[in-house]
There are 2 protein chains.
Amino acid sequence: METMSITQATERLRTSGIPVTLQRVEIARVVLSFPTHLSADQVFAKVRERIPETSRATVYNTLKLFREKKLVRELIVDPERRVYDSNTSPHYHLYNAENGQLTDVCADELQVIGMPSLPPGLQLEEVDVIIRVRTRRE
Amino acid sequence: METMSITQATERLRTSGIPVTLQRVEIARVVLSFPTHLSADQVFAKVRERIPETSRATVYNTLKLFREKKLVRELIVDPERRVYDSNTSPHYHLYNAENGQLTDVCADELQVIGMPSLPPGLQLEEVDVIIRVRTRRE
DNA sequence: TTCCATGCAAAGGGTTTGCACTCTC
DNA sequence: GAGAGTGCAAACCCTTTGCATGGAA
């Protein structure tokens, strides 16, 4: 599997109603080519490899934009940083705080049942399930 | 329902193997008297009302200590701050990002099934379920 | 005396903001 | 020429750290 082409990334942005710019295309290629769990700063570093004239602010702005347009999910798992998840199909997460590793758990494998009916006036946004693990100690 | 007494708080600390100090007693009273979802700074402010000679560092240290001793759970729900949950029985959370309100959902009402068997060498720490909602828009 | 526990202020790290410049429509 | 997108650096906020003081065993 390889990084999506510039053409593909451009198409992806247009489909989502996002005005195309050089930086946005590259950010899309970094984030959307594979299922990833990258922090904003990791995205920033990768984008810089190809497009050094990219600022941190632009990366933060763009990731926020991608989130609003549902291209990525913002995960709040580690208090140190937010990570952006390009897997938009329903799934949950397994998190090892010791090494920061985050793994997808397919929604088929895990079900949340008995979802309480929401108080009127509230609308379900999403359900996060985080399975926190650590390395077993003897 | 009212704030637990100094005696009760002291007892609670001793039971948990935490050396008793003035500040820790007051922090315990603030956090453990009721089911709460307070940030470190909210705890800091409340503790200061009674014991003004309390530093932010002490509150942070103490909350970390309480967490290690399982007196509270640290919730990672809002990227802006960690909140400390004094409800130690199994339960999940409903979170409204618009106003920051966090509500407990009893574990009886909601079940997570099909928990994947963990890879060898990993130990389950806990499972967080966060139901993210927002105010319904017409 | 030897540890903790604490207060205070500074540092740290991720994220946001303010402002000027550029480009596009 | 108005508005959006961007780069840069500074500001911000929550949390941690370093260091000196104070107390308890």
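Proteins get letters first, then strands, A, B, ... in listed order; numbering begins at 1 in each.
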Residues Glu49(A), Lys46(A): salt bridge by 4.0 Å N-O rule: no
Electrostatic pair Asp128(B)-Arg132(A), nearest N-O below 4.0 angstrom: yes
Within residues 3-31 of chain B, residues whose heavy atoms come under 4.0 Å of DNA chain C: Pro19(B), Thr21(B), Gln23(B), Arg24(B)
Report yes or no: do [X] and [Y] form a side-chain donor-acceptor pair below 3.5 Å?
| X | Y | value |
| --- | --- | --- |
| His93(B) | Asp85(B) | yes |
| Gln101(A) | Tyr95(A) | no |
| His37(A) | Asp104(A) | yes |
| Thr7(A) | Thr10(A) | no |

From CA spacing to verdict: side chain to side chain donor-acceptor pair (under 3.5 Å), Thr135(B), Glu98(B): CA-CA 8 Å; Thr135(B) 308; Glu98(B) 284 166 6; 2.6 Å; yes
Heavy-atom protein contacts under 4.0 Å, nucleotides 14-22 of chain D, coded B base, S sugar-phosphate only, - none: SBBB-----
Calculate the interatomic distance between [X] atom [atom1] and [N] atom [atom2]; express it in whole Å.
| X | N | atom1 | atom2 | result |
| --- | --- | --- | --- | --- |
| Phe44(A) | dG14(C) | CZ | P | 12 Å |
| Arg48(B) | dC8(C) | CZ | C1' | 10 Å |
| Leu65(A) | dT16(C) | CG | C1' | 16 Å |
| Leu75(A) | dG14(C) | CG | C1' | 16 Å |

Any Val43(B) side-chain heavy atom under 4.5 Å of Tyr60(B) side chain: no
